[in-house]
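Numbering starts at 1 and runs along the sequence shown.
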Amino acid sequence: QVQLVESGGGLVQAGGSLRLSCAASGTIFSINAMDWYRQAPGKQRELVATSTSGGRINYADSVKGRFTISRDNAKNTVYLQMNSLKPEDTAVYYCRVVIINHRSLEVWGQGTLVTVSS
């Protein structure tokens with residue numbers, strides 16, 4: 001069974017930085033995509049950033065210029081570097097990984113809370 005373990009969340013002041021990590025473990029033949037989502041209380045889940053095995057990267061308009069997604073394929077890990085954090089970035093952040101093990105599998109992390117104070 002594939003598992004995703006997230007880390008790096010916490011409490012920071014506006015303007016600060018955090019780096020989130022999401023490590024996949026288990027039986028993994030290949031990874032098609034690794035993404036970051038977030039969900040604030042009472043709001044719809046939002047796609048923050050996505051990366052594919054082919055190197056395509058996309059960001060939500062709200063985080064462009066501030067967040068950077070990156071991957072370490074050798075470690076099956078995806079990162080989200082978050083700079084110039086704003087209170088509106090406060091949310092639970094989830095990683096999502098699409099794994100190819102004879103068939104496509106979608107796996108979600110447990111979530112990590114990011115709180116940005118003013």
Side-chain angles (χ1 to χ4, degrees):
Q1 183 176 343
V2 178
Q3 289 184 303
L4 305 181
V5 179
E6 298 183 34
S7 63
L11 174 64
V12 298
Q13 290 186 322
S17 298
L18 285 174
R19 189 180 74 158
L20 307 183
S21 299
C22 176
S25 62
T27 302
I28 302 173
F29 294 132
S30 65
I31 295 176
N32 185 43
M34 305 184 82
D35 313 322
W36 286 99
Y37 289 78
R38 68 184 182 186
Q39 188 167 20
K43 294 187 177 181
Q44 190 174 4
R45 184 186 65 183
E46 175 189 19
L47 177 62
V48 176
T50 182
S51 67
T52 70
S53 60
R56 292 186 61 191
I57 296 175
N58 285 287
Y59 299 96
D61 289 340
S62 59
V63 307
K64 285 182 179 177
R66 300 188 298 118
F67 290 11
T68 302
I69 188 171
S70 61
R71 296 170 63 172
D72 186 337
N73 291 328
K75 297 180 179 179
N76 289 327
T77 300
V78 62
Y79 305 94
L80 186 68
Q81 179 67 46
M82 304 184 294
N83 299 325
S84 302
L85 283 163
K86 304 175 181 179
E88 51 263 42
D89 294 319
T90 296
V92 177
Y93 285 71
Y94 300 92
C95 62
R96 170 186 175 270
V97 178
V98 178
I99 298 170
I100 309 299
N101 288 338
H102 203 69
R103 65 183 181 92
S104 295
L105 297 174
E106 183 186 61
V107 185
W108 290 83
Q110 81 281 5
T112 184
L113 177 62
V114 172
T115 303
V116 184
S117 65
S118 59

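- Contact between Ile69 and Met34 at its shortest, heavy atoms only, is CD1-O, 3.7 Å.
- Here Ile57 contributes atom CD1 and Thr52 contributes atom OG1; the two are 8.0 Å apart, rounded to the nearest 0.5 Å.
- For the side-chain contact (heavy atoms from CB on, under 4.5 Å) with Arg38, the lone residue among Leu80, Val63, Val114 that qualifies is Val63.
- Note that CZ of Arg71 is 6.0 Å distant from OG of Ser53, once rounded to the nearest 0.5 Å.
- Applying the 4.5 Å side-chain rule to ILVMFWY residues, one finds Tyr37, Val92, Tyr94, Trp108, Leu113 in the same cluster as Leu47.
- Once rounded to the nearest 0.5 Å, the distance linking OH of Tyr79 with SG of Cys95 reads 12.0 Å.
- Rounding to the nearest 0.5 angstrom, the gap separating the CH2 atom in Trp36 from the SG atom in Cys22 is 5.0 Å.
- Applying the side chain to side chain contact (heavy atoms under 4.5 Å, CB included) test to Val5 and every residue at least two apart in sequence or in another chain returns nothing.
- Of all the heavy atoms in Phe29 and Asn101, the pair that sits closest is N-OD1, 2.7 Å.
- With contacts defined as side-chain heavy-atom distances shorter than 4.5 Å, the pair Val97/Ile31 qualifies.
- The two residues Thr112 and Ser7 make their nearest non-hydrogen contact at OG1-C, 4.4 Å.
- Evaluated for a side-chain contact (heavy atoms from CB on, under 4.5 Å) with Leu85, the options Thr90, Val12, Thr115 yield exactly one hit, Val12.
- At least one donor-acceptor pair under 3.5 Å links the side chain of Gln110 to the backbone N or O of Glu6.
- The two residues Pro87 and Ser118 make their nearest non-hydrogen contact at CG-CB, 4.1 Å.
- If you take OG on Ser51 and CG on Asp35, they are separated by 6.5 Å, rounding to the nearest 0.5 Å.
- Following chains of ILVMFWY side-chain contacts shorter than 4.5 Å, one cannot reach Leu105 starting from Val98, and the two form parts of different hydrophobic clusters.
- Put simply, OG1 on Thr50 and CZ on Arg96 are 7.5 Å apart, with the number rounded to the nearest 0.5 Å.
- Minimum interatomic distance between Asp61 and Lys64 (heavy atoms only, all atoms of both residues): OD1-NZ, 3.2 Å.
- Side-chain polar atoms of Glu88 and Ser62 form no donor-acceptor pair below 3.5 angstrom.
- Leu18 and Val116 fall within the same hydrophobic cluster, defined by Ile, Leu, Val, Met, Phe, Trp and Tyr side-chain heavy atoms under 4.5 Å apart, directly or through other members.
- The two residues Met82 and Leu20 come nearest to each other via the heavy atoms CE-CG, 3.7 Å.
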